[in-house]
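Each remark here refers to the structure printed beneath this line.
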Amino acid sequence: MTLSNREIANIFDSVADMLELKGEIVHRVLSYRHAADAIRETPRSLSAMAEVGELKTIPSIGKTLEEKIQEMLATGTLQMYENLKAEIPPGLTEILHVSGVGPKRALRLWKELGIADLGQLKEAAEAGKLRAMSGMGAKTEQRILEGIEQLEKLKTEGRTPLGVALPIAQSLLDLLMEMPQAVNGSVAGSLRRARPTIGDIDLLVASDDPQPIIERLGSLANVARVLWTGPEKTSVELLNGKQVDLLIIPPDRWGAALHHFTGSQAHNIHFRELALEKGLSLSERGFKRVDTGEEVLVATEEEVFALVGMPYIPPEIREDWGEIEAALENRLPDLITLDDMHADLHMHTTWSDGTLSIREMANAALARGRKFIVITDHSRSLGITNGLSIERLLAHQQEIRQVDREMGGKIRVFHGTEMEITADGTLDYPDEVLEKLDFVIASLHTGLRQPREQVTMRILNAINNPHVDLIGHPRGQLIPNREPADLDMDAVFQAAKASGIALEINANPHRLDLEAQYARRAVEMGIPLSINTDAHRAGEMDLLHYGILTARRGWVEPASVINTWSLERFLEWAQKRGR
DNA sequence: GCCGTTTTCGGCCCGACTGTTTTCAGTCG
C-alpha cells in the first residue's frame, strides 16, 4: 500500500517534532516542517512524481528528503522515524502543540516529571505539580491548562470555515470603522488570504488613538469576554467561542503592519530576505536601512512591495508558492474577479432538494446580474434529495424551456442535471437521455471512502463519457470535518485534459472544491474550470465570492473559467461535447 | 536540511510578550 502525500507529510511533521525535542538545530527542524507543508500543498501524488524523478521540483525538497520520500514510497516506512520513536515517546510530540509548551519545556516535563503524553500533562497541571519545576510558576501552569483546553477544542470542533469567519470578521470591522478615531481597517491573517479554514480572526485598524477602538470591541454584543488587553492590542472571545485579535496601528505604519499580519509566514520570510538584499530590514513596524538604521515608514502595502522592487501581490496568493518570483519577473497572474462572472452552471430547485421554483431561481439569478444559468437538479439514484426519474427529468425540461421563454432573453435558463456517479461507477442516466440535456454535471455523493483505485475509476468513467461537461465538487470534501476522497488526481487531470471536460470550483464555503492548489494545476494543464454556487436557495447565490477567492488563490485568470465566457462561446463549447 | 547574479559553505526574518528573572530564555505569530 503506497503512502499518500498526506501520510508522508504527517511523518515529516512528526520527525520535525522529535528532532526539535532532541534539541536539533532549528533550521534542520524547519526543513522537515517546510517539506511537510509543501507536500500538503502539492497537487500531484508523490509516487507519480518520484517515478519521473520530479520530487526535487517541490520547494524545500532536496537530495536528503527526496531519498527519504523514496524510502517511504518503497517500504511504507522511514527507518529514521522508527529510530526516533524508540528514543522519544510519541505522545511527547502531542504536548509540543500545547500553547505555552515548546521543545525545552516539553523535554524537561518528560525528564523531570516523567510526563510523556497530553493526558499526563493535564493531570499533573491540575494537581499543581508543574509549578514545582524551576522556571515555572502558577501562571505558567494555568496557561498550559488553557492551552490543553484549546487543543482539545480544536480536535473536536476543527478549524473555523472561511464562510463562517469572514462574515463575522467583516461585521466586527464595520462596527469598529464607525468610530471617528478609525482611519483605516482590514481583516488580516489567513482570513485575508482566504484559506479554506482559519484559526483566530485577526483585525487591524489604523488609528493614532487606540483606546476607544479597543474598548469598543470589548463592548460589542457578541463578545463574550475580553481575554487580554494592552495599549495597542486586545483579544476577545465571541459568544460562539471564536477568538478575535485586534491590533491598532499608527496610520503612517499601516502598510508594513498590514503586510506583516497578512502573511503567510513563509511569504514574509522570503520577502524579507529579498528586502535585506536591498539593504532594508523589514518588520511589522516598517523598513530600516541596514547601514544607517534610519526608519522608512510605509503607509500602504503598495509602497511595501515597491520598495523591494516589485508590483503589488494580491493577498490571496501570498503563500510563497512562487508569487514573489513571478512578481520580480513581472508575470503575476491577472486574477479573476467577481465582475468577470456572468453565469452560474450549478443550482437546485424544488424539483429535487432546492427551496425555490425554477422561475424563482431564474429571477434570483437575474437580480444578481447573471446572464445565463443552468438548472441542475439531482438525478434519480440520490433518493434523499428527491432525485429526478427520467420521466420527471423530461417534464423538468418542459418547465425550464417555458421559464426560459418567459424571461424574454434578459437571462437564459438552460436544462442540466447534477447526475450521480453511483457507487459502482455507472452513471445515473443513459446516454440517450443525457444527449437531450443542455449541460451535464457528474458528481460523487456516495462511496467517498472507497479505496483509491475504486473511487478514481468511478470518476474517470464519468470524465470519459462524452455527454458529461463538468465534474462537480470533484474531491467531495466537506469543510471543516470531512476529508476529500482518496482520488488519484494525476489520473483525474490527465483524463480531463484528454476529454476536454471542465472541473468545478464549488463556491459553497463548506466545499471550496477544487481547492486552490488543484485549480492551479488544472489551469496549468489547460483544463477549463467552472465556478458555481450549487445554490439550493436564493441567498446561496451570494456565496459566489468564496469560489472567486479560492480561484484567485489558485492563480486562476478569467479566461480559464467558462462562467466568464460569452453565451455564444459557452454554447459552442457545450455543443462540441457530444450533443 | 535547503539553497545559491555577493553559490557548494555558511547563512537561514523579526519583534513582542511572558514570567520568572536579576538580565533573559522560551514561546509565539
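Per chain, numbering begins at 1; letters A, B, ... match sequence-line order.
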Atom [atom1] of [X] to atom [atom2] of [N]: distance rounded to whole Å?
X	N	atom1	atom2	answer
Ile144(A)	dT20(B)	CD1	P	10 Å
Tyr32(A)	dC12(B)	OH	P	21 Å
Lys278(A)	dT5(B)	NZ	C1'	12 Å

When all nucleic acid strands are considered with a 4.0 Å heavy-atom cut-off, which category describes Ile25(A): base, sugar-phosphate, or nothing?
base
Quick one: label Ala138(A) by what it contacts on the DNA or RNA (base, sugar-phosphate, nothing), any heavy atom closer than 4.0 Å.
sugar-phosphate
5' precedence on DNA chain B between Lys288(A) and Thr64(A) (nearest-nucleotide basis)
Thr64(A)
Sequence neighbours left out, what passes salt bridge (Lys or Arg N to Asp or Glu O under 4.0 Å) with [X]? Give chain and number order.
X	result
Glu325(A)	none
Glu557(A)	none
Arg143(A)	none

Starting at the 5' end of nucleotides 23-29 of chain B, put B wherever the base has a protein heavy atom under 4.0 Å, S where only the sugar-phosphate does, and a dash everywhere else.
---SSS-
What is the ring orientation for Phe271(A) with His259(A), classed by angle as parallel under 30°, tilted 30 to 60°, or perpendicular over 60°?
tilted
[X] vs [N]: side-chain N/O to OP1/OP2 distance below 4.0 Å:
X	N	result
Trp228(A)	dT18(B)	yes
Ser283(A)	dC13(B)	no
Ser281(A)	dC13(B)	no

Closest of dG15(B), dG19(B), dC2(B) to the Arg285(A) side chain is dG15(B)
Counting side-chain heavy atoms from CB outward, which of dC14(B), dC2(B), dA16(B) is closest to Leu276(A)?
dC14(B)
salt_bridge(Arg192(A), Glu316(A)) N-O dist < 4.0 Å
no
Residues 22-43 of chain A vs ring-ring contact (aromatic ring centres under 6.0 Å, His included), sequence neighbours excluded, gives Phe12(A)-Tyr32(A)
Complement of dT8(B), any strand, by Watson-Crick or G-U distances under 3.5 angstrom:
none
Output every pair passing side-chain hydrogen bond (donor to acceptor under 3.5 Å, both in side chains) with a member in residues 68-78 of chain A, not counting sequence neighbours, ordered by first then second residue.
Thr77(A)-Glu82(A)
